[in-house]
Each structure stands twice: as structure tokens, then as C-alpha cells.
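Heads up, the thing below is written out as C-alpha cells.
Remember, it's a predicted structure, so these values are computed and weren't measured experimentally. Along the sequence shown, residues are numbered consecutively beginning with 1.
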Amino acid sequence: MTTVYHAPSCVMGLNMKQSMSKNGYVRSSMPHLNGTGTGLFGRRAPTHRVQMRRPGASSIVASAQESDVFDPQVCVVLGTQWGDEGKGKLVDVLAQEYGIVARAQGGANAGHTIYDTEGNKYKLHLIPSGILNPEATCVVGNGVVVHLPGLFDEIKGLEERGVKVEGRLIISDRAHLLFDMHKEIDGLRESELSGTGKQIGTTKRGIGPAYASKATRNGIRVGDLVDMDSFAEKLRKLALDGQKRFEDFEYDVEGEIEKYKEIAQTVAPYVGDTVNLINEWANAGEKILIEGANATLLDMDFGTYPFVTSSNPSIGGVLTGLGIAPTKLGAIIGVAKAYTTRVGAGPYPTELFGDLADTLREVGAEYGTTTGRPRRIGWLDMVALKYASQINGLTHLNITKLDVLSDLDEIKVGVAYRHPDGTLLPSFPSNLDLMERCEVEYEVLPGWKEDISKVRTWEDLPEAAQKYVEYIEDATGVHCKWIGVGPGRDALVEKPRNA
């Protein structure tokens, strides 16, 4: 049940100013991977080009909110909804000005679709979206779970299309390995829940079981590949857990051990102590862009548990997933669709059904990058967005896919949840039963009924589209700096603070 009331005809936006800085690249040597100038497995550390922080730029979050210049040394991009917000595109755009681009958590269940300057599409799963910037070094942090065969397939696909990866990708020696057995266990657990109404709707990529191995302290890390005898013993013990737990568990552990003997040699040049590297880079003033995977409403602690991912995609996961201190963060950007989507099971207060949902799904190409599954569709949920902003301490917002709403006469925004007895809920609830039964109050804003996919400046957006963005900005108290109006890299409008 929903309650609808109309917004005022004029919604005041925030009165803020901004401008974009311009910086050049300088040559720098990569800090040593193990203090000796060689990688963890004895390889010589490569050199790379990085962009230095402009002298005098502040490194505290408050400066990102108050300054007219957007030039943070360390910048974080996070999803604020249920994932698939379009984080990869903004990371790809910002990465043109950053020498280091890092992933902190998640696994290959996080699919990012990005486009190069010629409009060619790339689907990424483990490799950070900054890989399309030939000057950037990409980091897979200690908080990520890594399926190495899948990673190498991704590297091969990029190299075949002319994107150089070797010498530009560093994998943390502390990152946990995800094995085929984890995928098998993932599928078996979902099968157990089949017909109970409790299926999570996972991607069956083994992410949850891999994090479970990490939490129960019998996981295997990338650095364990240095000693293959020890690695083999650990893998046998890990496989034994699966055999004891599941009757239908099938896994050739000895075959996997043999396969990983070759993999260990292949991955060796990519492995390094990324905790030390990230902090050396930060202390040296080099610019670091951190790319979130999944999103806040899928967070293990803050999301719609248990219908969540298996890591912390909120700001805390960035800190623990890279080993970087909160005082080093300069800006925290939240990415939110102009509407919402969700894949898999779980409560979804503003969900749409019927023809409108089908239309938005087709116009927005709302099918999973990783699974191809059709996404559930809903109106923008301001209760959830303000909740995500509060948790993460957002300094900026990137509103994506505004163009998808262009053909609508009116647009609804969920602004409050009410208990079935009419009582206003003070915040985003943890009780899923309550969330399923709550009534959503909506405000209704006018649509703009014109194509905005070719618009590139704030002034050229229709007034109703501007009012929609300003409404989001006013409701969250966070500057909506970037507005996506199409899938291409250039399909991005920057909103001046004083607009």
C-alpha cells in the first residue's frame, strides 16, 4: 500500500559552487613490493606513471564538501543502493586523472560495464575499471576474494582487445582465494533452500563460501602460493569440510592442486604487499581512486540481511579491504540510479510491477552484467538513499541513468516508510518483515518528456530534469556533482555548485 502526495512546483536545491581541476602526469617509480625492489615471488617491480596530488590540496573529507575545487588525493566511489548503479563508468572517467585505482572487497559477483572513448563496451568483474586508463596501476586489495582462473580469463580478454594489463595490475598477497569448490558449495546451499522461500538468489560465483572460509580461518590466501606443499595440504583440509557437509559434493582436489602449480607461476608477477604499497603511495602524495563493488543495501551489517552480499561494500570495507586509514580519505562519492534496481530475493519497498517496470527495464537495459538476470525495478527510495549517505559520510553524489526516465509524465520518489498502523518509521528498518509490510509515502515530480541523452551541460537539461536532481540534492544534503544521461563515457553532465 502506498500514499502519494505531490511535491511543490519549485524545489529548492543547494546553493553550492564547484569547478574542475586540471593536473598533469609525472613519472614515478612504483614503491618496492617487498622492500627489495622485487615482487613477492622475486620479480622486479614495474615502474608506472602516476598523477601527483596538487600541492596544498587538503586530505580531509570536510575539504571535499567545502572547497570549490574537486581534487581529492584519495577518492572513494561507492554504491548506495542494491548494486548495478553504474559505479564503473564514474571510476573510468575519474581514473583518467588518477594514477592508482583499487578494489577493496567483493569478488567476481560485481560486474561493471564501461565504455572507452570509441564507444566499445567492456564488462569487468575483478579488474578495477581504471584499467582502460593506460597510465593507471590497478590494485586488487586484501579484502577481495579472487578466483584466479576467472581473473586470467578477464586479463586475456582485455589483452586480446588491446588493453595492456601485465605490469599494471597488483594483487594483494593477503587476498583470499576462491576455488571451484566454493562455487559448488554456493550452488548446493541454494539448492537446499529451494522451495523454502529463503533462497538468497546468489550469483553462485562462490563469494559467500569463500568469505565463510576466511571467517572460519581455514581460507587460503594468494601469498600461500609461495609454498606449494603447504598450499596442497591446506586445500585438502578445506575440501574435506565440503565433503563432510554436503552429500552431493563433487570436487577433484588433487586435480585442482596440479592446476594451481601452474597458476602459481602465472600469478607471481602480479602479486605484492598492497597494504604497504597503498600507504606508501598515499604518504608520497600520489592520487588514489578506490572503486567499491556491490552496494550499501547489500552490506553484511547495514543491508537487508540475509539478502545481502558476503562483504562490507560500505565505507568500512574500504578501510579494512585496503588497509588505509580513514584520515587519508579526501572524498566519498555515492553512486545512485535515478530510480532503483535489485537482483535476487529480498525486500524492495518501492518496487514496480507491470508495464512500467518492463518498459524501464528495457530502456535501461537492466540485466545483470555477471548473470544476465533481469533486474527488479523500482522508484527512487529516498529513505534508503539518506540511510546510505549517513553510513558512508558521502561528500558527493553521482546520479546515473537520468535519461531512462525521460519518457514519463510524472516521476515518484519514496520519501517515508510507515508502519501498517500508520506510525512513521524513523529510519531504514532492520526488520525485514516490517520492511515488506510497510507503506511507502511518495512525492510526485513532473517528468520532462524529451530526450536528454545528447545533453552535456547542466544548463541544457530540461527544467524538470534539473528540479529532479535538485530535489535529490536537497533531500540528502549532498551535492549531486555528476549526472549520467547515457552509457557512453562522455554522457555525463556536471552540475555546478551554484546552479
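In this structure, the side chains of Val493 and Val469 stay at 4.5 Å or more apart for every pair of heavy atoms. Contact check for His176 versus Ser213: no side-chain heavy atoms found under the 4.5 Å cut-off. Residues His147 and Asp180 have side chains in contact (heavy-atom distance under 4.5 Å, counting atoms from C-beta outward). Within the 4.5 Å cutoff, side-chain heavy atoms of Pro313 are placed close to those of Gln105. Residues Pro209 and Phe179 fail the side-chain proximity criterion, which asks for heavy atoms closer than 4.5 Å. Within the 4.5 Å cutoff, the side chain of Val139 has no heavy atoms near those of the Leu277 side chain. In this structure the side chain of Lys481 never reaches within 4.5 angstrom of the side chain of Ile333, judged on heavy atoms.
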Inset, instruction - I would like to know whether Glu254 and Arg236 meet salt bridge (Lys or Arg N to Asp or Glu O under 4.0 Å); could you show each step before the answer? - result: CA-CA 8 Å; Glu254 296 304 323; Arg236 291 186 186 104; 2.8 Å; yes

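When Arg375, Lys401, Arg342, Arg376 are each tested for a salt bridge (Lys or Arg N to Asp or Glu O under 4.0 Å) with Asp84, only one passes: Arg375. Under the side-chain hydrogen bond (donor to acceptor under 3.5 Å, both in side chains) rule, Ser129 has a single partner from Glu291, Arg103, Lys89, which is Glu291.
Closest approach of Met382 and Thr476 over heavy atoms only: SD-CG2, 3.8 Å. In this structure, Gly141 and Ser172 approach most closely via the heavy-atom pair C-CB, 3.6 Å. Summarising the geometry of Ile377 relative to Tyr348, their closest heavy-atom pair is C-OH, 3.2 Å, with the distance given to 0.1 Å. Residues Leu319 and Ala325 come closest through the heavy atom pair CD2-C, 4.1 Å. Shown here for Ile315 and Ile391, the closest heavy-atom pair between the two residues is CG2-O, 3.9 Å. Residue Ile324 comes nearest to Val74 through the heavy atom pair CD1-CG1, 4.1 Å, listed as atom of the first residue, atom of the second, then distance.
The aromatic rings of Phe428 and Tyr387 lie parallel to each other, with less than 30° between the two planes, well short of the 60° mark.
Residue pairs that meet the side-chain hydrogen bond (donor to acceptor under 3.5 Å, both in side chains) test with at least one member in residues 149-162, sequence neighbours left out, do not exist here.
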